[in-house]
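Heads up: the structure comes next, in structure tokens.
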Amino acid sequence: MKSKNTTDNTNLIPLQGLGVTSCSPLGARGIELLSPAKNLECGLAAINHGADAVYIGASQFGARASAGNLPEDISALVQYAHRYAAKIFVAVNTILTDEQLPEVEKLIWDVYNTGADALIIQDMGILKLNLPPIALHASTQTDNRTVEKVRFLQDVGFSRVVLARELSLAQITEISAQTDVELEAFVHGALCVSYSGQCYMSQANCGRSANRGQCAQYCRLPYHLLDADDTMLVKNKHLLSLKDLDQSDSLEEMIHAGVTSFKIEGRLNVTAYYRKKLDAVLEGSNKYQRASAGKTTFFFEPNPEKSFRRGATDYFLHGRKPDIAQLNTPKSLGEPIGKVTYIGRNFFEVHNGALLNNGDGLCFINRQGDLTGFRVNRVDQQLASSFSNGAGEKGKNRVQVFPADMPRMDVGVFLYRNQDQFFEKVLKGKTAERKVRVQILFEEIMTGFSIKLTDEQGISTQLEMTCDKQPAQKPEAVNENIKNQLSKMGNTIYETTDIQINISSPWFFPASQLGEWRRQSLEKLDEARTAAYVREPKREAVTATFPVDQLTYLGNVTNKLSEEFYREHGVTEIAPGFEVKAEEGVPLMYCKHCIKFAMGWCPKEGYKATFKEPLYLRNNDQIYKLTFDCKACEMRISKSDAFL
């Protein structure tokens with residue numbers, strides 16, 4: 001059968017917005033899983049493992065100064081992501097100097113020309129530049145905690161606002177009800193003890209500004225807690241180092257509260273975990289849908305406890321809790337294993353519900369309160385029945401572990417696995433694939449045949465082949481041959497979900513001819529999907545007045561255009577940012593985390609103090625004064641020369 005010519009008919013459906021397409025529930029809101037990428041490789045992995053969008057740093061001026069990316073790498077990531085209708089957001093979210101503004105303007109145009117979908121920014125001076133028509137997202141560094149602030153950002157042209165991590169469900173619901181901007185919320189990853197954008201400790205101590213992507217992480221250091229009489233209340237604990245955020249069990253509540261985008265930190269394991277979590281929530285919903293295309297199949301079982309993890313907290317989402325800090329260590333504890341029940345000369349026994357592997361890394365908190373780690377040399381998975389040592393039922397669910405070097409530890413210590421040898425081996429192989437589902441209609445027409453492809457978003461293409469028709473010698477095998485050849489999607493991004501055949505007679509179709517028609521049809525679908533993708537435009541600004549008419553150093557105004565922006569929006573008094581003029585004695589951190597509450601010393605809970613305030617934190621020669629605004633439930637940290 002010889003094909004004489006081909007034509008195509010393409011039905012283009014714009015993919016603008018969060019994935020609402022012709023085959024989606026009418027009015028359904030797209031729900032986005034937003035993953036990070038430090039580079040192109042990580043971005044591609046995030047897309048393959050189910051991310052609906054990826055945030056990545058530009059070559060300069062990102063809040064992660066060490067994670068810059070060249071325009072050509074961002075462009076490659078954009079092209080790959082858009083094949084799945086996934087989005088790429090580029091961070092240019094540091095505060096800027098006057099001298100940097102022209103360079104930033106050029107950088108933003110370079111970002112726009114990569115095809116990126118949005119720009120994440122902190123510095124309001126950027127809004128005074130000559131910007132391309134790219135959507136703007138307000139970074140969490142702009143301290144987005146109130147209805148008034150979020151509404152202002154909405155009105156001045158931001159398409160999305162990244163909420164402060166400290167907000168409760170009730171606060172998110174209130175903001176959502178009184179604004180119409182997209183809301184993005186962090187749900188997994190490291191927590192800063194200070195409100196984002198309101199931490200100046202690193203700048204004050206060593207000139208490394210957190211607002212310029214150079215934080216020295218003083219919050220992860222150990223401190224003594226002292227009272228006004230220099231009495232030691234707590235010795236050498238990581239009082240400002242918070243556990244990692246994990247709100248994976250609250251995704252549905254957050255969707256109902258108004259969150260559109262769920263932002264995570266973590267690589268493919270964490271992305272896969274949240275993909276599965278969100279899919280379970282969205283399954284069967286008529287109100288919400290996934291924000292991009294493609295079904296991800298995983299070849300491993302994701303588990304966030306097997307990635308870097310300082311413990312877990314849902315922070316303030318469901319109210320204030322005392323155990324949000326990881327006092328013993330800022331390092332990764334990993335996966336809880338079990339208690340040591342017996343210690344021998346060169347081995348120990350552990351009550352363990354999970355199987356350990358030869359080569360695993362284990363850790364524990366020693367007598368001095370420090371994290372100690374060691375490598376497993378060999379594990380005897382047979383039930384250890386020789387000893388009970390008062391540790392419960394004899395031999396029950398216990399294994400013998402032979403370390404490479406026997407650590408000094410006590411019976412009863414709790415072990416964690418911070419390196420899973422088997423899991424890491426699995427992650428080195430193929431862990432996922434993502435496929436866009438396609439329906440195929442193969443039909444006979446007057447001049448030959450046609451192939452119509454319709455993808456899961458409702459985008460259709462039709463390829464018409466003019467050719468001679470010859471009867472098949474084996475008519476009973478014709479339909480099966482057509483299905484077999486047209487369903488071979490190979491290394492493309494597609495998978496076939498249904499093939500319909502409508503022909504008048506069992507015609508002869510060479511396998512090579514069907515394969516060529518399939519290839520041409522998929523090329524047309526690729527072209528149609530590319531043409532159908534439309535970037536979200538920049539939101540139009542309307543008249544807006546900033547919520548307050550005075551800005552202190554907390555406004556982070558470090559250039560003339562930023563100052564001009566705020567004056568245009570009703571601010572009459574503007575102090576320079578801390579990076580421009582470091583004021584003496586002002587708080588260096590503003591925290592919702594409260595050490596007194598964490599220690600059970602909250603006066604609002606009825607505690608009668610047995611110590612004299614103010615309280616101080618000390619690390620070597622660095623001393624900080626703590627003040628507590630109990631009405632606002634906030635703690636503030638300032639530099640102090642007490643006791644020196």
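By the 6.0 Å contact criterion, NZ on K38 is open, its count of non-hydrogen atoms from other residues, nucleotides or ligands being 12 or less. Few gaps surround CD on Q368; more than 12 heavy atoms of other groups in view lie less than 6.0 Å from it. Heavy-atom contacts from other residues, nucleotides or ligands closer than 6.0 Å to NZ of K321 number more than 12. Within a 6.0 Å sphere centred on CZ of R145, other residues, nucleotides and ligands contribute more than 12 heavy atoms.
Taking the centre and axis of the six-membered ring of F628, the NZ or CZ atom of R636 falls outside the cone set by 45° and 6.0 Å. The cationic atom of K339 (NZ for Lys, CZ for Arg) does not lie both less than 6.0 Å from the six-membered ring centre of F414 and within 45° of the ring axis.
Between F262 and K277, the closest side-chain pair of non-hydrogen atoms is not below 4.5 Å. Considering only heavy atoms from C-beta on, M635 comes within 4.5 Å of I595 through its side chain. L163 has its side chain within reach of I172: a pair of non-hydrogen atoms, C-beta onward, lies under 4.5 Å apart. In this structure the side chain of L226 reaches within 4.5 angstrom of the side chain of R618, judged on heavy atoms. With a 4.5 Å cut-off on side-chain heavy atoms, N48 and T296 do not count as touching. The closest side-chain heavy-atom distance from I637 to M201 is below 4.5 Å. Looking at I95 and E579, their side chains come closer than 4.5 Å, going by heavy atoms from C-beta outward. Contact check for L127 versus V156: side-chain heavy atoms found under the 4.5 Å cut-off.
The backbone N or O of Q622 lies less than 3.5 Å from no partner atom in the side chain of N619, so there is not a single donor-acceptor pair. With hydrogens and angles ignored, the 3.5 Å screen pairs no side-chain donor or acceptor of Q178 with any backbone N or O of I175. With hydrogens and angles disregarded, a donor-acceptor distance shorter than 3.5 Å links the side chain of K604 to the backbone of C630. With hydrogens and angles ignored, the 3.5 Å screen pairs a side-chain donor or acceptor of D227 with a backbone N or O of T231. The closest donor-acceptor contact from the side chain of D73 to the backbone of L40 lies at 3.5 Å or more, if one exists at all. Here the side chain of R165 pairs no donor or acceptor atom with the backbone of F316 at under 3.5 angstrom. No donor-acceptor distance shorter than 3.5 angstrom exists from the side chain of N69 to the backbone of I74, with no hydrogens or angles considered. Judged by distance alone, the side chain of S139 and the main-chain N or O of T142 form no donor-acceptor pair under 3.5 Å. Judged by distance alone, with hydrogens and angles left aside, the side-chain atoms of R220 form a donor-acceptor pair with the main-chain N or O of L242 at under 3.5 Å. With hydrogens and angles disregarded, no donor-acceptor distance shorter than 3.5 Å links the side chain of R539 to the backbone of G157.
Below 30°, between 30° and 60°, or above 60°: for H188 and Y274 the angle between ring planes is above 60°, a perpendicular geometry. Between F298 and F300, the two ring planes are perpendicular [angle over 60°; tilted spans 30° to 60°].
When the side-chain contact (heavy atoms from CB on, under 4.5 Å) test is applied to E424, the partners found at least two apart in sequence or on another chain are Q419.
For the pairing with N366, the side chain to side chain contact (heavy atoms under 4.5 Å, CB included) check across L371, T372, N328 returns one residue only, T372. Among the candidates N144, V162, L167, V150, the single residue satisfying the side chain to side chain contact (heavy atoms under 4.5 Å, CB included) test with L183 is V150. Between K243 and the choices I324, D323, D314, the side chain to side chain contact (heavy atoms under 4.5 Å, CB included) rule is met once, by D323.
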Discussion item. Would H49 and T431 count as a side-chain hydrogen bond (donor to acceptor under 3.5 Å, both in side chains) here? Give the steps.
Written reply: CA-CA 8 Å; H49 287 78; T431 50; 2.6 Å; yes
Worksheet item: Does the salt bridge (charged side-chain N to carboxylate O under 4.0 Å, His left out) test come out yes or no for E166 and K592, once each step is laid out?
Response: CA-CA 7 Å; E166 291 82 1; K592 193 166 183 177; over 6 Å; no
Worksheet entry | From CA spacing to verdict: side chain to side chain contact (heavy atoms under 4.5 Å, CB included), F611, L233 | CA-CA 9 Å; F611 48 79; L233 303 178; 4.1 Å; yes
Practice prompt. Would you check, one step at a time, whether the test side-chain hydrogen bond (donor to acceptor under 3.5 Å, both in side chains) holds for T97 with N559?
Written response: CA-CA 5 Å; T97 66; N559 59 71; over 6 Å; no
Worksheet entry | Candidate pair K596 and E613, rule salt bridge (charged side-chain N to carboxylate O under 4.0 Å, His left out), full reasoning | CA-CA 11 Å; K596 286 206 298 186; E613 296 196 51; 2.9 Å; yes
Practice prompt. Apply the test salt bridge (charged side-chain N to carboxylate O under 4.0 Å, His left out) to residues E301 and K276: give CA-CA distance (whole Å), side-chain angles for both, the deciding distance (0.1 Å), then the verdict.
Written response: CA-CA 10 Å; E301 187 58 40; K276 294 184 73 171; 3.2 Å; yes
Fill in: Working for side chain to side chain contact (heavy atoms under 4.5 Å, CB included), residues K87 and D52
CA-CA 7 Å; K87 296 184 177 183; D52 300 304; over 6 Å; no
Practice prompt. Determine, step by step, whether D360 and D420 satisfy the side chain to side chain contact (heavy atoms under 4.5 Å, CB included) criterion, reporting the C-alpha distance in whole Å, the side-chain angles of both residues, the deciding distance to 0.1 Å, and the verdict.
Written response: CA-CA 5 Å; D360 281 354; D420 186 327; 4.0 Å; yes
Discussion item. Side chain to side chain contact (heavy atoms under 4.5 Å, CB included), that's the test. Do D244 and L191 meet it? Break it down for me.
Written reply: CA-CA 6 Å; D244 286 354; L191 285 168; 5.9 Å; no
Discussion item. Pair N211, S209 - check side-chain hydrogen bond (donor to acceptor under 3.5 Å, both in side chains), show working.
Written reply: CA-CA 5 Å; N211 284 313; S209 170; 4.7 Å; no
Practice prompt. For the pair T260 and R29, evaluate side-chain hydrogen bond (donor to acceptor under 3.5 Å, both in side chains) and give the outcome as yes or no after the intermediate values.
Written response: CA-CA 8 Å; T260 284; R29 175 158 64 93; 3.2 Å; yes
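Here the straight-line distance linking atom CZ of R151 with atom OG1 of T146 works out to 9.0 Å at 0.5 Å rounding. Here the OH atom belonging to Y416 is positioned 5.5 Å from the CG atom belonging to L333, to the nearest 0.5 angstrom. Atom OG of S196 and atom CD of Q141 lie 5.0 Å apart (nearest 0.5 Å).
The distance between the ring centers of Y223 and H238 does not fall below 6.0 angstrom. Under the 6.0 Å cut-off for aromatic ring centres, H593 and Y195 do not qualify, their centroids lying 6.0 Å or more apart. Between Y553 and Y200, the distance separating the two ring centers is shorter than 6.0 angstrom. Taking the six-membered ring for Trp and the full ring otherwise, the centers of F546 and F152 sit less than 6.0 Å from each other. No close placement of the F158 and H137 rings is indicated, their centers lying 6.0 Å or farther apart.
Side-chain contact annotation: S332 with N418, donor-acceptor N/O pair under 3.5 Å absent.
Counting all heavy atoms, side chain and backbone alike, P36 lies closest to V54 at C-CG1, 4.3 Å.
Under 4.0 Å is where a charged nitrogen must lie from a carboxylate oxygen, and between R160 and E536 no such pair does.
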